[in-house]
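The next block holds one structure in the form of structure tokens; read it before the comments.
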Amino acid sequence: MENTLGLEIIEVVEQAAIASARWMGKGEKNTADEVAVEAMRERMNKIYMRGRIVIGEGERDDAPMLYIGEEVGICSQPDAKDFCNPDELIEIDIAVDPCEGTNLVAYGQPGSMAVLAISQKGGLFAAPDFYMKKIAAPPAAKGKVDINKSATENLKILSECLDRGIDELVVVVMKRERHNDLIKEIREAGARVQLISDGDVGAAISCGFAGTNIHALMGIGAAPEGVISAAAMRALGGHFQGQLIYDPAIVKTGLIGESKEANLDRLKSMNITDPDKVYDAHELASGETVLFAACGITTGNLMQGVRFFAGGARTQSLVISNQSRTARFVDTIHMFDKQPKELQLH
Ligand SMILES: O=C(COP(=O)(O)O)[C@@H](O)[C@H](O)[C@H](O)[C@H](O)COP(=O)(O)O
Ligand SMILES: [Mn+2]
Ligand SMILES: [Mn+2]
């Protein structure tokens with residue numbers, strides 16, 4: 001599954017990132033998002049694969065493209081029977097966030113990326129558009145920190161696993177009212193907090209790499225982003241756990257449906273029988289093969305953002321595979337003109 005797909009998905013995230021980066025700093029988050037979706041879909045539909053979106057832009061009615069259940073890949077094209085035998089291809093599931101951090105792009109802030117995860121059919125948890133309580137931590141703390149423990153206890157464990165003082169730990173938390181107590185607790189325990197406005201996928205994955213100066217992500221973000229983060233962390237061997245949040249009172253804002261009861265019914269209808277289950281990375285991304293790809297839109301901890309130059313652009317992407325056991329940073333020069341004036345190296 002990995003061979004050519006690994007290369008093609010780099011181009012998918014690159015094209016989405018380039019399209020979105022053209023709207024960087026323009027204050028128009030919806031456009032920055034829409035163009036990324038369109039570019040991702042266009043490139044995805046050229047890949048010789050039978051793909052199905054399991055995490056996307058939402059239900060078919062609200063999202064014209066990359067909606068949940070949408071078939072993607074060359075075999076989904078109207079004239080596919082002329083060049084494509086679906087029986088020769090394995091079916092794959094895809095989770096996408098073409099513009100992760102739309103606000104970050106719109107306001108020219110760091111850390112936005114085009115991102116996706118791929119696995120065999122059934123290999124990614126089809127998370128509802130709910131919130132998710134998350135904890136991410138470096139490989140050395142895998143299976144040691146625990147979402148059921150308090151932040152204080154987890155910081156002690158992290159400090160032992162990483163062989164550094166609690167005061168040398170940095171925890172990323174989304175700046176939201178729902179996290180006020182969590183932030184207070186982390187500070188009182190002696191660790192330092194990095195508050196982010198958006199983009200908890202990048203924060204989770206940053207825990208997987210030493211040198212990012214991010215040692216944990218704690219708090220509540222969106223569930224679809226949790227699955228994408230889990231795919232990367234599974235392939236990296238880092239720690240990730242997530243628990244769905246179905247009670248609007250906990251989140252205080254947003255996208256979670258009218259009531260706790262209605263949300264519980266929705267989970268039941270999706271065959272989620274234990275709404276309080278804690279999922280680890282292997283359960284959220286359970287397929288035998290898991291591939292993750294991201295391309296920086298604006299520069300962040302992990303990747304440079306898109307840099308345009310006369311006649312082209314330069315991008316930086318990250319592809320992680322649990323099969324080849326690689327985390328590959330890919331630096332690409334894109335030539336838009338047939339005869340670009342220059343190919344900029346830096
Ligand atoms: O910041 C985020 C926004 O993602 P996107 O809409 O694709 O630009 C995500 O990383 C968060 O996980 C999440 O969507 C967020 O926490 C939920 O929104 P909010 O109610 O503002 O916390
Ligand atoms: Mn997102
Ligand atoms: Mn998005």
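All of these numbers come straight from a predicted model, not from anything done at the bench. Both ligands and their constituent atoms are indexed starting at 1 by order of listing. Keep in mind that the numbers below use all heavy atoms, side chains included, and drop hydrogens, waters and symmetry copies.
Atoms of ligand 1 found under 4.0 Å from any heavy atom of D97, numbered from 1 in the order shown, are 7 (O). Applying the 4.0 Å criterion to heavy atoms of R178 picks out, from ligand 1, the atoms 16 (O), 22 (O).
Neither the backbone nor the side chain of K29 comes within contact range of ligand 1; no heavy atom lies under 4.0 Å. Contact annotation for L104 and ligand 1: no heavy atom of the residue comes within less than 4.0 Å of the ligand.
Restricting D97 to its N, O or S atoms, the one at the least distance from the Mn ion (ligand 3) is OD1.
Electrostatic pairing of K277 and E283 counts as a salt bridge here, judged by a charged N lying under 4.0 Å from a carboxylate O. Comment: E91 engages R50 in a salt bridge, judged by a side-chain N to carboxylate O separation of less than 4.0 angstrom. Classification of R43 and E8 as a salt-bridged pair holds, one side-chain N sitting under 4.0 Å from a carboxylate O. Between D167 and R192, no side-chain nitrogen of the basic residue sits less than 4.0 Å from a carboxylate oxygen of the acidic one, so the salt-bridge criterion is not met.
The N/O atoms of A222, backbone and side chain alike, include one that comes under 3.5 Å of an N/O atom in ligand 1. Annotation: I220 places no N or O atom under 3.5 Å from an N or O atom of ligand 1; distance criterion only. The N/O atoms of Y131, backbone and side chain alike, include one that comes under 3.5 Å of an N/O atom in ligand 1.
Nearest residue to atom 21 (O) of ligand 1 from K134, R176, M174 is R176 (criterion: closest heavy atom). Among G219, G101, A223, A36, the residue whose heavy atom sits closest to atom 5 (P) of ligand 1 is G101. Scanning T102, N103, D198 for the heavy atom closest to atom 3 (C) of ligand 1 points to D198.
D198 lies apart from the Mn ion (ligand 2) in this respect, since none of its N, O or S atoms is found at a distance under 2.8 Å.
Annotation: the span from L236 atom CG to K142 atom NZ amounts to 10.5 Å, rounded to 0.5 Å.
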Worksheet item: Going through the distances and angles, do D276 and Y246 end up as a side-chain hydrogen bond (donor to acceptor under 3.5 Å, both in side chains)?
Response: CA-CA 9 Å; D276 296 310; Y246 50 82; 2.7 Å; yes
